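For the single chain, residues carry numbers from 1 onward in sequence order. Whatever order the structure lists ligands and atoms in, that order sets their numbers, starting from 1. None of the values given here were measured: they were computed from a predicted structure.
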Amino acid sequence: MTTPQDIIRRDVLAMTSYPVPDATGFIKLDAMENPFSLPPVLAAHLGEHLAGVALNRYPAPRPEALIEKIKRAMGAPAACDVLLGNGSDEIISMISMACAKPGAKVLAPVPGFVMYQMSAKLAHLEFVGVPLKPDMTLDADAMIAAIAEHQPAIVYLAYPNNPTGTLYDDADMERIIAAANKSLVVIDEAYQPFAQQSWLPRADQFDNVVVMRTVSKLGLAGIRLGYLAGRSTWLNEIDKVRPPYNVNVLTQAAASFLLDHIDVLDSQAAELRAQRTKLAEAVAALPGAEVFPSAGNFLLVRVPDASILFETLLTARVLIKNVSKMHPLLANCVRLTVGSAEENAQLLAALKLVLH
Ligand SMILES: *Cc1c(COP(=O)(O)O)cnc(C)c1O
């Protein structure tokens, strides 16, 4: 008789699945989702558009029209190519798989996005985390020293970083890109709608840089679409490990339709940026709360006791993320997604139960 324990990799047996808490009945401020839905008329038009999609056909392997729309919407240089993924999580997996030579390493600042490490581990790449400074800014000297020591295949720079919200200093980024001249540098701009700064217009100036984006944080987390922009010399190789038909026809059609109405999503992002400013000021005024500057649609906040705060908010039916166990630099830190004005008011009321 065979059991999974005989067959499955030991490191996989020891893992737990990516935890997604049930948020039914909660104000959901744990996953950086856009709280707004589409205007009903637009949603109805989208429905008609999707009704015309040929579900009996496999997706186009390279949907040129959609890629052109994405390039225009992103302001990508003409010289850049674009690769699509089932969310940027899938693109991270593809990059890991394509670079997983024996002994190859992945390097990123920590605390950072957990999928860089997770995906490295699954592809048998060694992950090297370089701590941020206590104020969550980049330790560029430590990064450069670690790059020299480890000669990583891949360097990830989330611009801005999750879960800290930090938009790294551009001069530091340039120094790291220059130091990593034997690596592929992946700049992850998942929060670009909230940061409004980008390396993409300059992506073709570097021979070792690709820029990754997603529609998830912009309000389309449910359709799962990420994209990677860069020189075709890189993208052609990564494309070889892409599962065929990875972006389904409904996602392609929804993205194509909504890119023609990007102003709707852009104005939702503008509202969330305004809400971020208000929420940051209000939280910073609470006794014991330290708010880190954020260029994302979330705030990293240090409080006297993150567990008590998290549990109290749960009781008040507000779901946030307690990140305090993720890394020593995040001791007693929680991450609050910026919601609508109403959601943020309820979040603040719940925070005041603890911080007063
Ligand atoms: C949310 C997030 C992503 C993942 O995006 P998907 O396209 O939804 O897979 C990538 N990078 C960072 C830094 C994120 O926070």
- [ ] Please write down residue, atom name and distance for the protein heavy atom closest to atom 12 (C) of ligand 1.
- [x]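 Sorting protein heavy atoms by distance from atom 12 (C) of ligand 1 puts D188 OD2, 3.4 Å first.
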
Where ligand 1 meets [X] - atom numbers and elements under 4.0 angstrom, heavy-atom basis:
{"X": "S88", "answer": "3 (C), 4 (C), 5 (O), 6 (P), 7 (O), 9 (O), 10 (C)"}
{"X": "K217", "answer": "1 (C), 2 (C), 3 (C), 4 (C), 5 (O), 14 (C), 15 (O)"}
{"X": "D89", "answer": "4 (C), 9 (O)"}
{"X": "S216", "answer": "6 (P), 7 (O), 8 (O)"}
{"X": "Y191", "answer": "1 (C), 13 (C), 14 (C), 15 (O)"}
{"X": "G87", "answer": "7 (O), 9 (O)"}

Side chains of [X] and [Y]: do they bring a donor and an acceptor to under 3.5 Å?
{"X": "S198", "Y": "E189", "answer": "yes"}
{"X": "Y159", "Y": "D170", "answer": "yes"}
{"X": "Q192", "Y": "Q196", "answer": "no"}

Open item on the list: With a 4.0 Å cut-off on heavy atoms, is R224 in contact with ligand 1?
Closed with: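 Flag set, R224 near ligand 1.
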
Open item on the list: Below 3.5 Å, N or O to N or O, backbone or side chain included: is there any such pair between Y116 and ligand 1?
Closed with: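 Checking ligand 1 against Y116, no N or O pair falls under 3.5 Å apart.
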
Open item on the list: Quick check on the hydrophobic clustering: are V334 and V114 connected, directly or via other members, by side-chain heavy-atom contacts under 4.5 Å?
Closed with: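 They do not share one cluster, since no chain of ILVMFWY contacts under 4.5 Å joins V334 to V114.
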
Task: CG-CG distance between L286 and L348, expressed to the nearest 0.5 angstrom - done: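 One finds 6.0 Å between CG of L286 and CG of L348.
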
TODO: Check whether NZ of the Lys or CZ of the Arg R273 lies under 6.0 Å from the centre of the six-membered ring of F194 and within 45 degrees of that ring's axis.
DONE: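 No, R273 does not lie over the aromatic ring of F194.
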
Open item on the list: Quick check on R57: does its CZ atom have over 12 non-hydrogen neighbours (other residues, nucleotides or ligands) under 6.0 Å away?
Closed with: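 No.
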
- [ ] On the 0 to 90° scale, with breaks at 30° and 60°, tag the Y156-Y116 ring pair as parallel, tilted or perpendicular.
- [x]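 Rings of Y156 and Y116: parallel, as their planes differ by under 30°.
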
Task: Part of N162 within contact of ligand 1 (heavy atoms, under 4.0 Å) - done: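 For N162, only side-chain atoms sit under 4.0 Å from ligand 1.
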
Task: ligand 1-proximal atoms of M212, by part, heavy-atom distance under 4.0 Å - done: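 None of M212 does.
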
